[in-house]
Amino acid sequence: MDMDNMLGGGGGGGAIGQFPLEQWFYEMPACTRYWTTATIITSVLVQCHVITPFQLFYSFRAVFVKNQYWRLITTFLYFGPLSLDLLFHVFFLQRYSRLLEESSGRSPAQFSWLLVYATTLLLALSPMLSIPFLGSALSSSLVYIWSRRNPETRLSFLGLLVFTAPYLPWVLMAFSLVLHGTVPKDEICGVIVGHIWYFFSDVYPSLHGGQRPLDAPRFWRNLFERPPADTGAAPINNEIAAAAAPEVR
């Protein structure tokens, strides 16, 4: 079965001179491409015993007492060893992260701010819920936001179950429960984080005069959005221009 069709996704024709995998990689927007690549590389390094999962998980004490700050990032990159389960995670990660990033506009400022918001809140919740790896929770947040913004989209899961997009997070939770035999609290946590973003970005503004409290602040947008290029033309003195203009009779 075509992986991209598993949830009703369609595929276009490949670009001339590119392999399908190469085209798939370069068509991804920047944030999604970097995250997907880092996820695959991390799993390969663990599989080759270059690093271990014990060096990657998030621990408040390890980060803020032992100064192992890389764990703030690596906790979102490790989804497990090379396996079919990892393949599913990478598929959902790149698909719905890509759809959200593409819908956020040409500038990556808004989508990257969404990632900052979600990762920060998940890191704050992790010690209370004992969730050492937060990649699935972050991916679940993005899936939830996309599903709520596309309520009419129809999906099919494994070609057996047809449903509309808002049910997607719950279908994935049920699948995870069947596959692993445990309640996926990381995905539940991700849905909560995603719902907070969705509410304040899509519901709250219509109730409060267009206010969007979770939008990227100006300083963050300035990091990604360049000011208009200077053409080099000197400003025109209006008085000189008026004096040089021919008199109209």
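Counting begins at 1 with the first residue of the sequence.
- The backbone N or O of Leu100 sits less than 3.5 Å from a side-chain atom of Ser103, completing a donor-acceptor pair.
- One distance of note links SG of Cys48 with CG of Leu82; it measures 7.5 Å at 0.5 Å rounding.
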task = Could you please spell out the steps behind the side-chain contact (heavy atoms from CB on, under 4.5 Å) verdict for Leu121 and Leu123?
result = CA-CA 5 Å; Leu121 191 51; Leu123 288 169; over 6 Å; no

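- Aromatic ring pairs are classed by plane angle as parallel below 30°, tilted from 30° to 60° and perpendicular above 60°; the pair Tyr204 and His208 is parallel.
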key: Stepwise side-chain contact (heavy atoms from CB on, under 4.5 Å) check, Ser59 with Gln68   = CA-CA 9 Å; Ser59 161; Gln68 297 176 359; over 6 Å; no

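- No side-chain donor from either of Trp146 and Ser97 sits under 3.5 Å from a side-chain acceptor of the other.
- Applying the side-chain hydrogen bond (donor to acceptor under 3.5 Å, both in side chains) test to His195 and every residue at least two apart in sequence or in another chain returns Tyr144.
- Taking the six-membered ring where tryptophan is involved, the planes of Trp197 and Tyr117 are tilted, since the angle between them lies from 30° to 60°.
- Evaluation of the salt bridge (charged side-chain N to carboxylate O under 4.0 Å, His left out) rule for Asp215 yields Arg212 as partners, not counting sequence neighbours.
- You'll find the side chain of Ser156 stays beyond 4.5 Å of the side chain of Leu161, heavy atoms only.
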query = Taking it one step at a time, do Leu56 and Thr75 satisfy side-chain contact (heavy atoms from CB on, under 4.5 Å)?
reply = CA-CA 6 Å; Leu56 306 176; Thr75 183; over 6 Å; no

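- In Trp170, the CH2 atom is not crowded: 12 or fewer heavy atoms of neighbouring residues, nucleotides or ligands sit closer than 6.0 Å.
- When each of Arg98, Glu101, Glu102 is paired with Thr32, the side chain to side chain donor-acceptor pair (under 3.5 Å) condition holds for Glu101 and for no other.
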ask   = Run the side-chain contact (heavy atoms from CB on, under 4.5 Å) check on Thr36 and Leu93 step by step: do they pass?
value = CA-CA 7 Å; Thr36 303; Leu93 182 159; 3.3 Å; yes

request  = Show the numbers, then the answer: is there a salt bridge (charged side-chain N to carboxylate O under 4.0 Å, His left out) between Arg149 and Asp202?
outcome  = CA-CA 8 Å; Arg149 289 179 173 175; Asp202 294 64; 2.9 Å; yes

